[in-house]
Structure formats: structure tokens, C-alpha cells
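This report refers to the structure that appears directly beneath it.
Note that the numbering runs from 1 along the sequence shown for the chain. Order of listing sets the numbers, starting from 1, for every ligand and every atom in it.
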Amino acid sequence: MPDIIKLLPDNIANQIAAGEVIQRPASAVKELLENAIDAGATEINLIVADAGKSLIQVIDNGKGMSETDARMCFERHATSKIKNIDDLFHIKTMGFRGEALASIAAVAQVELKTKKEEETTGTYIEIENSVVIKQEPVAMQKGTSIAMKNLFFNVPARRNFLKSNASELRHIVDEFIRVSMAFPDLFFSLTSNGQQLFHLDKGTLKQRIIQLLGNTYSSKLVSVQENTDYMNIYGFVGKPETAKKTRGDQYFFVNNRFIKSPYLHHAMMGAFDEMIGKDSFPMYVLFIDLDPSQIDINVHPTKQEIKFEDEKIVYAFIQSAVKHALAQFSITPTLDFELDASIQQLDAINKPFTEEKKAATTSSSLYQTFTQKNQAHLIERKSELKHWKEFYEPETKPGSESQKPEIDPYKSEEEKPFQSLITQIQKPEAEHFLQLHNTYIVLQNDKGFMVIHQQNAHERVLYEKFITAIAGKHIAVQQSLFPATIDLVPQDAVLLNELLPDLKFLGYQIEPFGNNSFVVQGTPADIEQGNEKVIIERVLEQYKHFSSDLKFNQREKLLRSLAWQQSVKAGTALTEKEMKVLIEDLFACNAPNITPNGKPTYTEFKKNEMDKMFGR
Ligand code: ADP
Ligand code: MG
């Protein structure tokens with residue numbers, strides 16, 4: 001038998017490795033930005049074209065590379081950041097694996113220009129399929145420019161997996177925000193197809209947060225700051241009134257690295273307990289600095305997960321630091337005094353943190369009572385946490401966006417259990433309607449009576465109306481007499497652009513107006529006119545809220561968001577005529593008995609069963 005094992009050629013091995021590091025344009029953006037930061041740059045410009053599919057370029061004024069390094073940096077495991085395994089436990093840089101540039105060079109055409117301060121000329125290198133195809137000296141300022149063109153040009157299968165430009169650009173913007181948030185003392189810009197989306201002057205963290213997340217947070221930020229020997233916590237949380245129904249403005253950084261942690265998010269939610277609604281998310285940008293030996297950074301670099309040596313302590317610290325901050329700013333007059341005092345006395349907050357102290361603190365009864373209900377295994381069991389987990393999962397699986405939108409109201413998972421009910425009901429024939437608590441509509445038919453939840457009912461009606469609209473029966477538009485211009489933060493502008501085509505079917509005539517501005521030419525004829533900006537912002541917010549749901553594609557999420565948003569809310573008084581129209585519309589629906597999310601719209605009370613109850 002002949003031998004059959006072969007070593008893979010370098011470029012193929014690199015392509016395979018690239019699958020882990022570079023999944024999409026945004027992952028390359030992250031790697032290149034981090035390299036610029038590691039190189040000590042103070043000004044970093046990111047330029048993308050076609051959402052990074054045709055070009056991603058990062059230009060920095062960092063320390064640059066020598067001619068030899070410029071060639072070396074594309075080799076696998078080529079790094080200047082660690083020399084031995086011990087270094088791994090003291091990592092202060094963003095990179096350390098030496099895999100990013102090798103991966104990028106395997107899946108894109110790369111042009112590198114770099115020069116060190118002390119050298120007279122720089123080096124220009126062109127690479128394709130991991131092979132240097134051109135090298136020459138170049139005149140330039142100190143720093144580095146790396147341009148990667150035509151990502152996945154040689155791996156068509158992966159290129160096909162990329163999503164729409166709007167969607168990939170949104171990932172890039174997210175990544176850009178995460179990196180630039182952590183370094184407010186550096187200048188960053190992001191230009192997409194020639195349009196500058198961000199221009200972030202150097203400043204304080206507070207200024208950076210406002211630059212990135214919008215003016216609405218100015219004067220609404222509470223500073224968090226707790227220093228101990230074990231760890232430092234600093235950053236800002238939004239005052240409770242800024243909490244939103246959508247996630248999105250939540251950032252944890254550990255040693256300046258953005259991380260996702262459902263566990264720590266839970267700690268944060270606990271700190272805001274009672275101050276915000278159950279379904280709201282507080283805004284936070286929180287930095288945790290601790291000895292690198294206390295964390296395991298050697299997890300997959302793009303997963304943004306991290307292991308703490310002692311997770312419970314970090315949990316308790318965060319929660320107490322934030323409670324403390326909120327109490328100090330007397331955001332919360334209801335915060336009970338005992339707890340406030342006890343937090344301040346907590347050794348962990350006051351005293352230098354030694355191993356000994358750590359042991360003493362953790363065994364103290366105070367710490368025990370403080371953390372008991374927050375211990376990992378206890379929380380795990382709560383269904384709540386499952387929710388937090390989903391919170392962070394990617395929005396959709398790769399490729400799922402290209403699936404056919406599923407708009408058959410009978411197909412959705414939750415609706416099945418209710419199916420059997422549909423056949424049992426018949427259209428009620430009532431003349432008079434009674435509204436109770438401005439929420440329930442009671443109506444009588446010959447078999448008994450039914451109680452309808454007005455908001456749930458209206459959500460169903462709107463949802464089915466939207467389905468018909470998307471299928472081609474456009475919703476009537478009311479042209480605005482004075483078209484309103486709305487300015488959005490860049491990340492919302494990108495999202496809105498993505499939704500525009502579907503919104504048009506649904507009666508929203510919105511046109512991009514450059515620089516994150518839009519002109520609202522018209523809104524659906526049957527919704528209240530006047531405050532276009534608020535309407536659009538609510539649509540976006542609600543859409544983001546639904547984005548935690550993995551099951552649904554973009555269109556389905558939009559339909560559900562709009563149905564919820566436009567529905568008449570519980571607590572609204574309705575006229576008899578409005579009730580009549582609502583009920584007629586409801587029973588003209590394909591699935592009148594449930595909301596798009598599977599909540600019941602009404603309950604029936606049968607006369608013969610009632611008779612039995614009363615012994616008749
Ligand atoms: P890592 O960042 O893990 O070391 P990379 O593949 O990202 O691996 O980069 C390899 C090496 O190339 C880095 O260690 C660094 O020495 C050099 N390098 C990369 N980007 C830059 C840059 N923008 N400026 C200066 N040096 C850079
Ligand atoms: Mg790197």
C-alpha cells in the first residue's frame with residue numbers, strides 16, 4: 001500500500017486557520033484595529049468599501065515595521081508580542097497569537113505600507129494567496145497602512161456566506177465601536193464608501209461614550225469607580241431613566257478587551273433591580289482591570305469570552321460598585337440604607353486585596369449574604385439567565401438571511417398549540433361592547449361571552465395586515481406636508497438603511513439624506529402624524545428588541561416590531577366604534593386567537609359551563 005498522508009501546503013493551512021480568525025469583514029476590522037493600537041498609534045483611520053467585501057484598510061501612525069518584519073508579519077505564529085508561554089499570563093497587548101495577518105494574507109489580496117520613524121524609506125509589499133508578489137521601497141510618514149482587498153476572493157464558498165452589505169456594515173460598526181470605546185485617548189475615524197460615519201476626537205471616556213452612543217446620554221451618565229488591589233472598576237452607567245427596551249448599549253471591557261458575559265450582565269441587572277422596568281436594559285460601559293494572571297485569555301480570540309479565576313468575586317464587585325455609584329448620586333432614594341452601608345464597609349471595596357483578605361472576605365457573613373443569591377449555580381437554574389444567554393447569541397446563523405422569509409402565520413413554532421382552538425370559535429355577533437380597565441373588551445354572543453385583550457388583538461390584526469402588505473398590497477401612505485429630517489447615530493442609520501426596502505411596503509417612505517440623516521416623506525395613512533422622529537426611533541428600538549430572537553429573519557422581526565409598536569396599548573380608552581372595528585378585523589384574521597408571539601387574544605366563557613358553576 002502506498003503512503004497516503006501529505007503535509008498541507010502553507011497557503012492551504014493558512015486558509016483553514018483563517019476560518020477561525022476571519023469569519024467576516026468585521027473580524028478583520030477588529031484584528032487590524034487592535035494591531036494599530038498595539039503599535040502605539042494615536043490616530044487610526046478605518047476605510048471600508050462595500051461593507052469590507054472589496055476593501056478594508058487601516059491606516060495608523062504607530063511605530064511601523066522594518067523591512068524584515070514587514071515580510072515576517074504574514075507568517076503564521078509570527079508575533080512580536082510573546083516569546084514564551086509565561087508571557088501569555090501577563091499579556092498587556094491586544095494581540096499575541098500571530099495569526100491575524102497570516103490569516104488575512106491567505107484569504108484576501110493585501111497591500112502593506114509601513115515605515116519606522118528612524119528609517120528613511122518605508123516598505124511596500126503586495127501579497128496574494130500568502131505569497132509576496134511585489135516588494136519595493138516607498139516614501140511615507142511613520143506608521144502602517146494595511147489594505148485588504150476582495151476578502152475571500154479565493155474561497156468562494158466563504159464569500160457566499162457573507163450577508164448583505166447593510167448587515168456586514170453593521171457588524172463592522174459594532175466592532176469599531178467596541179474598539180474605539182476602549183481607547184478614548186486615541187483618534188479614530190470610520191469611512192464607508194467615501195462617507196465618514198465616525199470622526200472621534202481624542203477625549204475622555206465620557207466624551208467618547210456620547211460620541212458613540214449619542215447625545216441623549218449627556219448629563220445622564222453616572223460615574224462608577226472602585227479601586228481595590230484585586231481589581232479596578234471604572235466607567236459609566238446610564239441613569240435609570242435612560243434604560244431602554246432594547247439591548248445594545250451594554251459594554252464590558254476586561255483589561256480593555258470587549259467581552260460578552262451573561263453572568264456579569266446579570267450582576268449589572270441586579271444592581272439596577274427595582275429602579276428600571278423588568279423588561280428594560282440599563283446602559284453601561286464598564287471597564288474591569290485586573291492582574292492578567294487572574295483571567296484566562298487563552299480562549300479563542302474572536303469569541304470575546306473570558307474566564308475569570310474567581311468569577312463570583314468579580315460579580316459581587318461589579319454589583320456593589322454600581323449600587324454604590326447609583327446610591328451616591330442618590331438616584332435611588334429607595335435603596336435601603338442597610339445595604340448601602342454594608343456595601344461601603346465591604347472589605348473588598350475599602351481595603352487592599354491580598355490573598356488573605358480575599359479568603360477572609362469571602363468567608364465573612366456579609367459577603368455570604370451579599371453573594372449567596374447570586375452564586376453561579378443558583379442563578380444557572382433560574383430561567384432568567386437563559387434569557388441573558390440568548391441576549392448575547394448572534395442574531396442569525398450564517399446564511400440564514402438568504403432563506404425565504406417565513407410569513408405564513410400558521411408556521412411559527414408557538415402557534416401550533418393554539419391551532420386546535422381556531423376551529424372552535426365563530427365570529428361573535430354583538431351589538432354592544434363593554435370596555436373594562438381600558439384594556440379588556442367584553443362581548444356577548446348566544447353561547448356565552450368572551451373577553452378580548454385589546455392590545456393583543458390589535459397586534460394580530462396589524463401583523464396580518466403587514467403580511468399582506470409585504471406580499472404586494474402596499475399600505476397607503478400619507479405624504480408629509482413638511483417632510484421631517486431625522487438624524488441618527490451611525491449604527492442606527494446603518495440599521496435603518498437595511499430596513500428601508502421593507503419599510504416602504506409598510507407605508508414608511510423614508511429616503512437617505514447623507515451623513516446619517518433621513519427624510520421622512522410619508523408614514524402609513526392610519527397612524528398618527530406629526531412626530532416622525534419618535535416614530536422611526538421607536539421602530540428601530542423595537543426592532544433591536546426583537547433582535548434577540550434567533551428564530552426570525554429580518555423581515556419577520558420587522559413585522560412583529562411594527563405590530564407591537566403600532567398596536568393600541570392596554571390602558572387606552574376606546575369608543576364603541578373603535579371596538580367594533582377592532583373585533584371585526586380580529587375575526588377576519590387567519591389566526592385570530594393569538595398574537596404573533598403566541599399570547600392569547602381572548603378567552604371564551606360558555607353559557608352552559610357558567611350555568612353549571614351556578615348549579616343550574
Ligand atoms: P499578533 O498581533 O497576535 O502579534 P498579527 O498577525 O496580528 O499577530 O501581527 C503580527 C505582527 O505584525 C505583530 O506582532 C506586530 O509585530 C506586527 N504588526 C502588525 N500590525 C502592525 C501595525 N499596524 N504596526 C506595526 N506592527 C504591526
Ligand atoms: Mg494582532
Pairs of nitrogen or oxygen atoms closer than 3.5 Å, one from Gly64 and one from ligand 1: do any exist? no
Does an N or O anywhere in Leu101 fall below 3.5 Å from an N or O of ligand 1? yes
Only counting residues at least two apart or in another chain, list the ones meeting side chain to side chain donor-acceptor pair (under 3.5 Å) with Gln207. Thr204
If the condition is side chain to side chain donor-acceptor pair (under 3.5 Å), which residues does Asn61 pass it with, not counting sequence neighbours? Thr42
Shortest protein contact, [atom] (heavy atom only):
atom	answer
atom 2 (O) of ligand 1	Lys81 NZ, 2.6 Å
atom 27 (C) of ligand 1	Met65 CE, 3.5 Å
atom 23 (N) of ligand 1	Asp60 OD2, 2.9 Å
atom 20 (N) of ligand 1	Asn35 CB, 3.3 Å
atom 15 (C) of ligand 1	Ser80 OG, 3.5 Å
atom 4 (O) of ligand 1	Thr79 OG1, 2.5 Å
atom 12 (O) of ligand 1	Cys73 CB, 3.3 Å

Residues which pass side chain to side chain contact (heavy atoms under 4.5 Å, CB included) with Glu168, listed by chain and number, not counting sequence neighbours: Arg24, Pro25, Ala51, Lys53, Leu162, Lys163, His171
Salt-bridged, [X] to [Y], with N to O below 4.0 Å?
X	Y	answer
Glu541	Lys244	no
Arg71	Glu67	no
Asp492	Lys544	yes

More than 12 non-hydrogen atoms from neighbouring residues, nucleotides or ligands closer than 6.0 Å to [atom1] on [X], yes or no?
X	atom1	answer
Gln141	CD	no
Met140	CE	yes
Lys149	NZ	no
Lys92	NZ	no

Between Phe258 and Tyr251, what is the ring plane arrangement, given parallel below 30°, perpendicular above 60°, and tilted in between? perpendicular
What atoms in ligand 1 come closer than 4.0 Å to a heavy atom of [X]?
X	result
Phe96	1 (P), 3 (O)
Ala100	6 (O), 7 (O)
Gly95	2 (O), 3 (O)
Ala78	10 (C), 11 (C)

Would you please indicate yes or no on a ring centroid separation below 6.0 angstrom for Phe252 and Tyr284? yes
Just to be sure I read this right, does ligand 1 sit under 4.0 Å from the backbone of [X], its side chain, both, or neither, counting only heavy atoms?
X	value
Ala41	neither
Thr93	neither
Thr144	side chain
Ala39	side chain

Go through the steps to decide whether Phe287 and Tyr234 satisfy the test ring pair (Phe, Tyr, Trp, His ring centres under 6.0 Å), and finish with yes or no. CA-CA 5 Å; Phe287 291 79; Tyr234 63 95; 5.1 Å; yes
Could you check whether any heavy atom of [X] sits closer than 4.0 Å to an atom of ligand 1, since that is the contact criterion I want to use?
X	result
Glu31	no
Gly98	yes
Arg97	yes

Can Phe272 and Val322 be said to form a side chain to side chain contact (heavy atoms under 4.5 Å, CB included), step by step? CA-CA 8 Å; Phe272 273 89; Val322 173; 4.1 Å; yes
To the nearest 0.5 Å, what is the distance between OG (Ser145) and CD (Gln57)? 4.0 Å
Do Arg170 and Gln491 get their side chains close enough for a donor-acceptor pair, meaning under 3.5 Å? no
How many protein atoms of type N/O/S are positioned less than 2.8 Å from the Mg ion (ligand 2)? 1
